[in-house]
S.K.: 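Once you've had a glance at the structure underneath, I'll fire off some questions.
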Amino acid sequence: MVIDAIIYGRQAERQGRRLADLLGAETVSIQHKIFPDGEHYLRITDGEGIRGRGVLIVNTMYPRQNDSLLETLMLIDAVKRLNPHRILLLVTYLAYARQDKVFLTGEPVTGRIVLDSIYRLGIDYLLVVDIHSGKLLEPYNDRAENVLVSDILAGEALKNAKDPLILAPDKGALHRAKYAAERHGLEYDYLVKHRDRVTGEIYIEPKEVDVNGRDVIIVDDIISTGGTIASATRNMLRLGARRVFVAATHSLLVGNALEKIKSSGAEMIITADTLGIKHDDPFVKYVDILPKLASVIRNRG
Ligand code: R5P
């Protein structure tokens with residue numbers, strides 16, 4: 001799709017500006033304010049920049065998930081009312097996607113609420129970077145694409161790795177491992193993870209994968225508390241892996257997650273700039289995924 005104008009949410013300025021450069025599009029100004037009672041207001045101050053044009057809205061939903069979700073909905077509605085030619089929405093991190101079904105009776109399916117709200121407002125196409133659960137996009141399959149970047153992340157680890165093997169920390173992440181492995185002509189496998197749905201505690205079952213003397217690249221979507229990655233790393237080192245590289249798309253790294261992963265023995269975290277925050281630590285290496293996103297945007301929607 002040809003993008004003439006880009007609008008970005010307050011947490012996605014870095015990504016929005018860079019995409020504007022890559023796509024040769026203009027950025028459109030937004031006026032924001034918060035009312036004394038805490039309610040949010042925004043206004044697109046250049047309506048003519050939108051009318052009849054191809055518009056890309058860019059946002060990320062971490063941190064401040066709830067505010068940025070509402071902001072995204074407000075941006076779509078505001079753009080829609082200015083009669084654009086087409087609206088493409090890029091969400092570099094989609095919040096609530098881990099609640100993709102009812103795990104315990106009485107829960108809502110929050111990921112579904114988020115996506116249904118977005119589509120109900122009338123976008124033409126949605127791009128999401130490495131959504132936790134592709135199942136959520138199924139009802140909108142012809143108007144949605146999940147952009148995987150595990151090939152780029154693993155590619156960075158491969159610059160140093162010897163006899164590498166790509167592993168997913170659980171079965172749900174297998175498609176990421178497969179995607180990266182197929183692009184680099186490597187072997188891949190997955191571990192077996194159990195999570196207590198009430199306490200959140202994680203247990204990774206040792207699996208008979210032959211990692212002895214090999215470099216392992218663990219590929220995942222989200223690092224939140226770091227429990228999954230730390231446990232998988234320890235497991236692999238115990239089974240004789242030479243080194244463990246972590247390749248995770250969205251590095252939230254909540255609380256002491258970074259320390260937890262460092263002390264598990266991992267070499268480094270390779271990640272993408274998909275959030276409103278960046279971690280300034282040499283252990284965390286950011287790789288550039290925006291050229292890939294720009295190319296997907298040009299060819300879709
Ligand atoms: C869960 O299935 C996800 O793919 C991640 O593995 C998980 O969200 C990571 O969370 P944490 O870092 O808290 O273990």
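Only heavy atoms go into these numbers, but all of them, side chains included; no hydrogens, no water, no symmetry mates. Please read these numbers as outputs of a predicted model, since none were measured by experiment.
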S.K.: Quick one: does any side-chain atom of R143 pair with a main-chain N or O of I123 as donor and acceptor, under 3.5 Å?
M.R.: yes

S.K.: Strictly below 4.0 Å, N to O, side chains only: are D67 and R10 in salt-bridge contact?
M.R.: no

S.K.: Find out if a path of hydrophobic residues (ILVMFWY) with successive side-chain heavy-atom gaps under 4.5 Å connects I7 to V91.
M.R.: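 Yes; tracing contacts between hydrophobic side chains, which count when under 4.5 Å, links both residues.
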
S.K.: Grouping I, L, V, M, F, W and Y whenever their side-chain heavy atoms are under 4.5 Å apart, do Y8 and L94 come out in a common cluster?
M.R.: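 In one cluster: no.
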
S.K.: Judged by atom type as modelled, is there a donor-acceptor pair below 3.5 Å linking the side chain of K292 to the main-chain atoms of L148?
M.R.: yes

S.K.: Tell me whether R18 is salt-bridged to D273, with the criterion being a basic N under 4.0 Å from an acidic carboxylate O.
M.R.: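 So R18 does not pair with D273 through a salt bridge.
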
S.K.: If I take atom NZ from residue K171 and atom NZ from residue K193, how far apart are they, to the nearest 0.5 angstrom?
M.R.: 14.5 Å

S.K.: Please tell me whether L293 and L126 are part of a single hydrophobic cluster in this structure, the criterion being side-chain heavy atoms less than 4.5 Å apart.
M.R.: no

S.K.: Rounded to the nearest 0.5 Å, what separation is found between the NZ atom of K178 and the CD1 atom of I166?
M.R.: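 If we round to the nearest 0.5 Å, K178:NZ and I166:CD1 are 13.0 Å apart.
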
S.K.: Are the charged groups of E48 and R51 less than 4.0 angstrom apart, N to O?
M.R.: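 Looking at R51 together with E48, the answer is yes, because their closest N to O distance falls below 4.0 Å.
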
S.K.: If you apply the rule side chain to side chain contact (heavy atoms under 4.5 Å, CB included), what do you find for D46 with S29, and how did you get there?
M.R.: CA-CA 7 Å; D46 173 20; S29 318; 5.8 Å; no

S.K.: Quick check: are there more than 12 heavy atoms from other residues, nucleotides or ligands sitting under 6.0 Å from CZ of R81?
M.R.: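 No, because the 6.0 Å sphere around CZ of R81 holds 12 heavy atoms or fewer from other groups.
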
S.K.: Between the side chains of D281 and K262, is the shortest nitrogen-to-carboxylate-oxygen separation below 4.0 Å, so that they form an ion pair?
M.R.: yes

S.K.: Could D215 and K162 be called an ion pair, given the rule that one side-chain N must be under 4.0 Å from one carboxylate O?
M.R.: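 The answer is no: the pair does not qualify as a salt bridge.
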
S.K.: Is it the case that the side chain of D196 and the backbone of T199 share a donor-acceptor pair, with hydrogens and angles ignored and the cut-off at 3.5 Å?
M.R.: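 Yes; judged by distance alone, with no hydrogens or angles, the pair exists.
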
S.K.: Between T92 (side chain only) and V129 (backbone N and O only), is there a donor and an acceptor less than 3.5 Å apart?
M.R.: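 The answer is no, because no donor-acceptor pair under 3.5 Å joins these two groups.
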
S.K.: L237 versus T233: any side-chain heavy-atom pair under 4.5 Å?
M.R.: yes

S.K.: Could you walk me through whether E71 and R64 satisfy the side chain to side chain contact (heavy atoms under 4.5 Å, CB included) test, starting with their C-alpha distance in whole Å, then the side-chain angles of each, then the deciding distance to 0.1 Å, before giving a yes or no?
M.R.: CA-CA 10 Å; E71 183 190 49; R64 297 192 292 282; over 6 Å; no

S.K.: Is it the case that more than 12 heavy atoms not belonging to E145 sit under 6.0 Å from its CD atom?
M.R.: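 Enclosed.
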
S.K.: Could you tell me if the side chain of S133 sits less than 4.5 Å from the side chain of K101, heavy atoms only?
M.R.: no

S.K.: Answer with yes or no whether the side chains of N66 and Y96 bring together a donor and an acceptor at under 3.5 Å.
M.R.: yes

S.K.: Please answer whether the main-chain N or O of D151 pairs with a side-chain N or O of H184 as donor and acceptor at a distance below 3.5 Å.
M.R.: yes

S.K.: Around atom CD of E39, are there more than 12 heavy atoms of other residues, nucleotides or ligands at under 6.0 Å?
M.R.: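 Atom CD in E39 is not crowded, with 12 or fewer foreign heavy atoms closer than 6.0 Å.
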
S.K.: Counting N and O atoms only, with roles assigned by atom type, does the side chain of Q15 sit under 3.5 Å from a partner on the main chain of L290, one being a donor and the other an acceptor?
M.R.: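 Not at all, since once roles are kept as given, no pair shorter than 3.5 Å links the two residues.
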
S.K.: State plainly whether one hydrophobic cluster holds both L42 and L82, where clusters connect Ile, Leu, Val, Met, Phe, Trp and Tyr through side-chain heavy atoms under 4.5 angstrom apart.
M.R.: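 Same hydrophobic cluster.
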
S.K.: Once the angle between the rings of Y93 and Y62 is folded into 0 to 90°, is it parallel (under 30°), tilted (30 to 60°) or perpendicular (over 60°)?
M.R.: perpendicular

S.K.: I'd like to know whether NE2 of H85 has more than 12 heavy-atom contacts from other residues, nucleotides or ligands below 6.0 angstrom.
M.R.: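 No - once you tally the heavy atoms of other residues, nucleotides and ligands closer than 6.0 Å, there are 12 at most.
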
S.K.: Verify, without hydrogens or angle tests, whether N146 (side chain) and D130 (backbone) share a donor-acceptor contact under 3.5 angstrom.
M.R.: yes

S.K.: Okay, side chain of Y190, backbone of G172: is any donor-acceptor separation there less than 3.5 Å?
M.R.: no

S.K.: Is it true that a side-chain atom of R214 and a backbone atom of A241 form a donor plus acceptor pair closer than 3.5 Å?
M.R.: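 The answer is no, because no donor-acceptor pair under 3.5 Å joins these two groups.
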
S.K.: For the pair T271 (side chain) and A248 (backbone), establish whether a donor and an acceptor sit closer than 3.5 Å, ignoring hydrogens and angles.
M.R.: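 Yes.
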
S.K.: Let me check something: do L174 and V149 share a hydrophobic cluster, defined by ILVMFWY side-chain heavy atoms less than 4.5 Å apart, either directly or through other members?
M.R.: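 Yes, L174 connects to V149 through the hydrophobic network.
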
